[in-house]
Amino acid sequence: MSKDITSRADDYSQWYIDLVRKAGLADYSAVKGCMVIKPYGFAIWENMRDTLDRMFKDTGHVNAYFPLFIPKSFLSKEAAHVEGFAKECAVVTHYRLKNAEDGSGVVVDPDAKLEEELIVRPTSETIIWNTYRDWIDSYRDLPLLINQWANVVRWEMRTRLFLRTAEFLWQEGHTAHATRDEAIEETRKMLDVYATFAEEWMAMPVVKGVKTANERFAGAEDTYCIEALMQDGKALQAGTSHFLGQNFAKAFDVQFNTKDNTREYVWATSWGVSTRLMGALVMAHSDDDGLMIPPRLAPTQVVIVPIPKPTPELLERANAIAADLRSKGVRVKVDTDDQNRPGYKFAEYEKLGIPVRLGLGARDLENGTIEVARRDTKEKSSVELTSLTSHVVDLLDAIQANMFERARAYRDSHITPVDTWDEFVRLLDEKGGFLSAHWDGTGETEELIKTETKATIRCIPLNNPQEAGTCIKTGKPSTQRVLFARAY
RNA sequence: CGGGGUGUAGCGUAGCCCGGUUAGCGCGUCUGCUUUGGGAGCAGAAGGUCGCAGGUUCGAAUCCUGCCACCCCGACCA
């Protein structure tokens, strides 16, 4: 086990914090609740961002950028929306500082009070829909498919690195459509994009579903989500896609002329994923030795360690191997450090979660081999140099697949059907994961269960089989099971 | 905002209750030598406004007052 990482068994929460900090993903900052994303963490985020950006563009979206500040009055135009966000908004009231008269530093200049206060965006629906009013006149202007990469601020009372920070990075898609069906189709399409990204790139299986009214986005008619399961049995909402109906179009008066020359409000969607995915990535995989980054997202996929130290001869061979791998599109680092010993380096690269490590020493040069170590299973093998490149390319795919399968096996074994309240309460504590149970469909019951157990309805899975049953809590009739879990 | 706790070197800490040499130790860093296929050893060195401000005292990391920051539990959390 790693020297400086708390084990999952000892303290899962501390393990997570140790990993994030010791692997150089992020640090606490001088600002409470805000973090510094360090170069290694940002490199992973960049890979996520670039991949998603390509997927958005492949589905017809374009990028734009809207202001960080939102006039306070905008927020109150959609009733549910302001209700949901008002309690966590940072507000700009002044635009100037001045030197304090007693020389104690700078103070806010009371003469520089803003006429209308500005909100730092917690999300951009309002400013975007206010803009869309001017952009949309005709059905020919639709659909409008725009995405924005941005930072947002939500003044959370309690924060955790990546999982919930006061400021975070994300993308938010905001689309406008001529018909209800088309908007719903868009909502579902982007949910599929998120699910594909989570599963194929992050190697993290997700459940696609729809939120209950209680958990719905403030201002949405329906909120779809992907829910992932972390290794401690807690669920994590990894992405959301909202069907906004005509709520924002009505709030901001965005109408268009139809083909039939009538006037109608447009239909809207919004969808987003954030740097929270970094937290998901860490907690879905990784172990007591450190991170485990799936190959497709790893900034460095292969590291070559000359053993015991980088002699000119070893370096020449290592660089040649690296060049060959790079020509196949593999991201390779050659370790040229001449200070630390091999054992130290092995541990360090495992902490960073680099999928494949190649050890090259004098013994290998003699035999024409190289030692191949994979991060996911810790297995080591000796491979002929002549077949190394294709071996590594295949291995990276195998690791990606293995990480997904392992996470899926865990997830699948942690979706437990439950039919009695006692068992429900017991399994929440003893096993965790998703509990599939009947629910009477009311917000009151959902709230009651949350108060008593801290478990929430994570989602009603898509294509959920309909089956008659009785609510786990109230015994009232139910038509389907829903997924409960304790969540981040 | 309620309850509890902590601030000492880059990190982790001892000392505080019971005031008294030059604030000690581990990790890390730097230098040198020996090592090197799973987190090296020895020798030496550098590194401190003891969270901030005031007070008590011959003397304060230690006692008193005020302030600040952070952490944990709870409330809150698309």
Side-chain angles (χ1 to χ4, degrees), chain A residues 1-6 11 13-14 17-18 21-22 27-34 75 78 80-89 104 121-126 152-161 163-166 168 170 172 211-220 222-226 236-242 244 270-274 276 289-290 305-311 314 335 337-351 357-367 369-373 378 380 382 450-451 454 456 458-459 486-488:
Chain A
M1 186 167 67
S2 179
K3 272 184 173 177
D4 46 15
I5 297 171
T6 305
D11 185 344
S13 182
Q14 190 59 46
I17 294 167
D18 283 351
R21 302 196 66 192
K22 303 287 170 57
D27 251 339
Y28 293 113
S29 75
V31 183
K32 181 179 167 66
C34 294
L75 212 69
E78 213 288 330
H81 193 66
V82 66
E83 172 75 13
F85 286 106
K87 283 175 286 183
E88 50 186 29
C89 282
S104 62
R121 61 182 168 215
T123 181
S124 300
E125 273 79 3
T126 56
V152 289
V153 169
R154 297 181 187 178
W155 215 265
E156 303 286 357
M157 287 174 152
R158 186 126 159 238
T159 58
R160 303 191 68 186
L161 294 169
L163 297 175
R164 179 170 290 111
T165 47
F168 56 92
W170 78 344
E172 46 182 328
K211 289 289 188 189
T212 62
N214 280 4
E215 300 280 326
R216 198 176 283 155
F217 175 74
D222 263 321
T223 287
Y224 294 83
C225 63
I226 51 171
L236 185 131
Q237 176 180 300
T240 49
S241 184
H242 314 292
L244 302 175
S270 70
W271 28 274
V273 295
S274 71
R276 181 178 236 209
D289 292 322
V305 182
I307 296 170
K309 282 197 171 180
T311 62
L314 286 172
D335 185 312
D337 170 272
D338 62 358
Q339 297 297 314
N340 294 303
R341 305 178 358 143
Y344 177 86
K345 292 178 179 179
F346 296 166
E348 281 300 302
Y349 288 125
E350 278 158 14
K351 187 162 77 187
R357 185 186 71 237
L358 304 177
L360 184 68
R363 187 200 297 165
D364 298 294
L365 289 188
E366 270 180 41
N367 302 336
T369 60
I370 192 163
E371 184 182 79
V372 179
K378 294 292 210 62
K380 290 194 281 196
S382 189
K450 182 181 178 183
T451 308
K454 290 185 178 173
T456 51
R458 300 319 302 158
C459 70
R486 292 197 177 120
Y488 279 98

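Every chain is numbered from 1 and lettered A, B, ... according to where its sequence line falls, protein lines coming before strand lines.
The NZ atom of A/K211 sits 13 Å away from the P atom of B/rC77 (whole-angstrom rounding). Atom CG in A/D27 sits about 10 Å away from atom P in B/rC11, given to the nearest Å. The CG-C1' distance, from A/D335 to B/rG37, rounds to 14 Å in whole Å. At whole-Å resolution of the value, CD1 in A/I307 and C1' in B/rU36 are 10 Å apart. In this entry the distance linking CG of A/D289 with C1' of B/rG39 reads 11 Å, nearest Å. What separates CZ of A/F85 from C1' of B/rC76 is a distance of 14 Å, to the nearest Å. Counting to the nearest Å, the P atom of B/rC77 and the CZ atom of A/R458 are 13 Å from each other. The distance between atom OH of A/Y344 and atom P of B/rC27, rounded to the nearest whole Å, is 14 Å.
For the C1' atoms, the distance linking B/rA9 with B/rC25 amounts to 12 Å, nearest Å. To the nearest whole angstrom, the two P atoms, one in B/rA43 and one in B/rC27, are 12 Å apart. B/rU57 and B/rC64: their C1' atoms are spaced 12 Å apart (whole Å). Separation of the P atoms belonging to B/rG15 and B/rC67 is 28 Å when rounded to the nearest angstrom. A distance of about 43 Å separates the C1' atoms of B/rC16 and B/rU34, rounded to the whole Å. The same atom, P, is picked in B/rG74 and in B/rA61; the two are 38 Å apart, to the nearest Å. Nucleotides B/rU62 and B/rU6 have their P atoms positioned 15 Å apart, rounded to a whole Å. Taking the P atom of each, B/rG48 and B/rG10 are spaced 8 Å apart, rounded to whole Å.
The A/E350 side chain lies nearest to B/rG38 when the options are B/rG38, B/rG39, B/rG37. For A/E348, counting side-chain heavy atoms from C-beta on, the closest listed nucleotide (B/rU36, B/rG39, B/rG37) is B/rG39. Closest approach to the A/K309 side chain among B/rU36, B/rC77, B/rG38 is made by B/rU36 (side chain taken as heavy atoms from C-beta onward). Across B/rG37, B/rC77, B/rU35, the shortest atom-to-atom separation from the side chain of A/R363 is found for B/rG37. With B/rG37, B/rG38, B/rC77 as the choices, the nucleotide that has an atom nearest any side-chain atom of A/D364 turns out to be B/rG37.
Put simply, the side chain of A/K345 does not reach to within 4.5 Å of the side chain of A/R357, judged on heavy atoms.
Each of A/K22 and A/F217 was assigned the nucleotide of RNA chain B with the nearest heavy atom; the assignment lying further toward the 5' end belongs to A/K22.
Scanning both residues, A/E83 and A/K87, for their nearest heavy atoms gives O-CE, 4.4 Å. Considering all non-hydrogen atoms of both residues, A/G359 and A/D364 come closest at O-OD2, 3.4 Å.
The residue A/Y349 sits apart from the nucleic acid: no heavy atom pair falls under 4.0 Å. Counting non-hydrogen atoms under 4.0 angstrom, A/R160 reaches nothing in the nucleic acid. A/G361 comes within contact range of at least one nucleobase, with a heavy-atom separation under 4.0 Å. Note on A/A362: a base of the nucleic acid sits closer than 4.0 angstrom, heavy atoms only.
For A/N340 against B/rG39, no side-chain N or O and base N or O form a donor-acceptor pair under 3.5 Å. Between the base of B/rG38 and the side chain of A/K380 there is a donor-acceptor pair shorter than 3.5 Å.
Residue A/W155 qualifies as open at atom CH2: its count of foreign heavy atoms under 6.0 Å is 12 or below.
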Residue pair A/R363, A/E371: steps toward the salt bridge (charged side-chain N to carboxylate O under 4.0 Å, His left out) verdict: CA-CA 10 Å; A/R363 187 200 297 165; A/E371 184 182 79; 5.5 Å; no

Set out, in order, the CA-CA distance, both residues' side-chain angles and the distance that settles side chain to side chain contact (heavy atoms under 4.5 Å, CB included) for A/S13 and A/R160, then state yes or no. CA-CA 10 Å; A/S13 182; A/R160 303 191 68 186; 2.8 Å; yes

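A close approach under 4.0 Å does occur between a side-chain nitrogen or oxygen of A/K454 and OP1 or OP2 of B/rG74. Residue A/R341 has no polar side-chain atom (N or O) positioned under 4.0 Å from OP1 or OP2 of B/rU35.
Between A/E348 and A/K351, at least one side-chain N (NZ, or NE/NH1/NH2) sits under 4.0 Å from a carboxylate O, which counts as a salt bridge.
Counting only Watson-Crick and G-U wobble pairs whose two distances sit under 3.5 Å, RNA chain B takes part in these stems of three or more pairs: B:1-7 with B:68-74, B:10-13 with B:24-27, B:29-34 with B:40-45, B:51-55 with B:63-67.
For the 3.5 Å distance criterion, the side chains of A/T456 and A/R458 qualify, holding a donor opposite an acceptor.
A/R164 forms no cation-pi arrangement with A/Y488, by the criterion of a distance under 6.0 Å to the ring centre and an angle within 45° of the ring axis.
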